[in-house]
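To find a chain, count down the sequence lines: A is the first, B the second, and so on, and within it residues start at 1.
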There are 2 protein chains.
Amino acid sequence: MVNFGNERSALQVTDRQLNATFTALADPTRRAIVARLARSDATVNELAAPFKMTLPGISKHLKVLERCGIISRSRNAQFRPCHLERNALDDVSLWIEENRRVWTERFDKLDEHLRDIQSKEGTS
Amino acid sequence: MVNFGNERSALQVTDRQLNATFTALADPTRRAIVARLARSDATVNELAAPFKMTLPGISKHLKVLERCGIISRSRNAQFRPCHLERNALDDVSLWIEENRRVWTERFDKLDEHLRDIQSKEGTS
DNA sequence: TCAGTAGTTTACTTGACAGTTAAATAACTA
DNA sequence: TAGTTATTTAACTGTCAAGTAAACTACTGA
């Protein structure tokens, strides 16, 4: 939820962030990488191991995950260990929960309304 | 979490479901539509109103949302009211929360882990 | 039956993205 | 120094998704 303070509103920045994060998570390879990194940091080769894909393919996926802030990478000799970022999934999680909340409230009201109608019908 | 019982495992079906749902939510127009439908059902024209996009464009977005089960459509005269499906976001929500859980558990054991990793790095 | 409203389908253009191979870069090791 | 390992970049291909205009379907109400 970063606001760069110029050129675009915070809302639009969030929108872009959500685009990028949802897009990143839409790919099964990238989801598997995230799931793997949830357990521990790992090098590119370690991450690539379970897949048939070539290393450049994996490298591209990692770049996508890095660009939207889901992972970060450091340097250790010739290795580039990948690290899952703490609040990476907060934005998407928030969006989903917010919508569920609105949806649920709406149906709580509907129930109430229905009960209201029924009690009125009972008396008329 | 539907298992069709043939050709593919439940896990893969879920995988496809996640692909589709994350892809659907990766588009800001579709997210706005979902947010709008969280408040109430709406017709295609009502949904299209806030956007510059042509009606066929909106129609396509609705089809994407429908295909992955996020919305459903009924028929009322010449209208096709759209309805947000109750458990539409459960799958993605579950995936995210599961990964957060794993990630968090890992960091609850942080000290132990770090010592382990560092001692391994020291010996290699 | 005709005009109008609601929405979809078709055909097309454009752009983004997944994956590949081949070559380059960067750091370690003998 | 040369060779090896880890990873990225470049260039290319194929596919798929977003958007449009134009034509079409389906229903309503006069």
**Student:** How long is the line joining CE of B:Met53 and P of C:dT14, in whole Å?
**Tutor:** 19 Å

**Student:** Select one nucleotide: of D:dC27, C:dG7, D:dA6, the one nearest the side-chain heavy atoms of A:Phe79.
**Tutor:** D:dA6

**Student:** The side chain of A:Leu55 lies closest to which of these nucleotides: D:dT8, D:dT20, C:dT8?
**Tutor:** D:dT8

**Student:** Expressed in angstrom and rounded to an integer, what is the separation of A:Asn19 atom CG from D:dA18 atom P?
**Tutor:** 12 Å

**Student:** Counting side-chain heavy atoms from C-beta on, which of C:dT9, C:dA6, C:dC28 comes nearest to A:Gln78?
**Tutor:** C:dC28

**Student:** Measure CZ/A:Arg73 against P/C:dA26 and give the value in whole Å, please.
**Tutor:** 15 Å

**Student:** Quick one: is C:dG7 close enough that its OP1 or OP2 comes under 4.0 Å of any side-chain N or O from B:Ser59?
**Tutor:** no

**Student:** Quick one: is A:Lys63 getting a side-chain N or O under 4.0 Å of the D:dT9 phosphate, OP1 or OP2?
**Tutor:** yes

**Student:** By nearest nucleotide on DNA chain C, pick out whichever of A:Pro56 and B:Leu62 is the more 5' one.
**Tutor:** B:Leu62

**Student:** What heavy-atom pair brings A:Val34 and B:Trp95 nearest, and what distance separates the two atoms?
**Tutor:** CG1-CH2, 3.8 Å

**Student:** Give a yes/no answer on whether the side chain of A:Asn45 brings an N or O atom under 4.0 Å of OP1 or OP2 in D:dT7.
**Tutor:** yes

**Student:** Rounded to whole Å, how long is the line connecting atom CZ of B:Phe22 with atom P of D:dA17?
**Tutor:** 17 Å

**Student:** Go through it in stages, so that I can follow the logic: the residues are A:Arg100 and A:Glu98, the test is side chain to side chain contact (heavy atoms under 4.5 Å, CB included), and I'd like the CA-CA distance, side-chain angles, deciding distance and then a yes or no.
**Tutor:** CA-CA 5 Å; A:Arg100 298 231 277 199; A:Glu98 171 62 12; over 6 Å; no

**Student:** Take the protein atom CZ of A:Phe51 and the nucleotide atom C1' of C:dT20, then report the distance between them rounded to whole Å.
**Tutor:** 17 Å

**Student:** Should B:Glu105 and B:Arg101 count as an ion pair when the cut-off is N to O under 4.0 Å?
**Tutor:** yes

**Student:** Roughly, in whole Å, what's the span from CZ in A:Arg67 to C1' in D:dT8?
**Tutor:** 14 Å

**Student:** How close or far is atom P of D:dC27 from atom CZ of B:Arg80, stated in whole angstroms?
**Tutor:** 8 Å

**Student:** Could you tell me whether A:Lys60 contacts a base, only the sugar-phosphate backbone, or nothing, with contacts defined as non-hydrogen atoms closer than 4.0 Å?
**Tutor:** base

**Student:** For B:Thr43, answer base if it contacts any base atom (sugar-phosphate contacts may also be present), sugar-phosphate if it contacts only those atoms, and nothing otherwise; contact means non-hydrogen atoms under 4.0 Å.
**Tutor:** sugar-phosphate

**Student:** What heavy-atom pair brings A:Ala88 and A:Thr21 nearest, and what distance separates the two atoms?
**Tutor:** O-CG2, 4.4 Å

**Student:** Give a yes/no answer on whether the side chain of B:Thr54 brings an N or O atom under 4.0 Å of OP1 or OP2 in D:dT20.
**Tutor:** yes

**Student:** So, does A:Arg75 get its side chain near the phosphate of D:dT7, meaning an N or O under 4.0 Å from OP1 or OP2?
**Tutor:** no

**Student:** Within this structure, what is the NZ-to-P distance between A:Lys52 and C:dA18, rounded to whole angstrom?
**Tutor:** 19 Å

**Student:** Taking the side chain of B:His61 as heavy atoms from C-beta outward, which of D:dA10, C:dG19, D:dA18 is closest to it?
**Tutor:** D:dA18

**Student:** Can A:Lys63 and A:Glu66 be counted as an ion pair, charged N to O under 4.0 angstrom?
**Tutor:** no

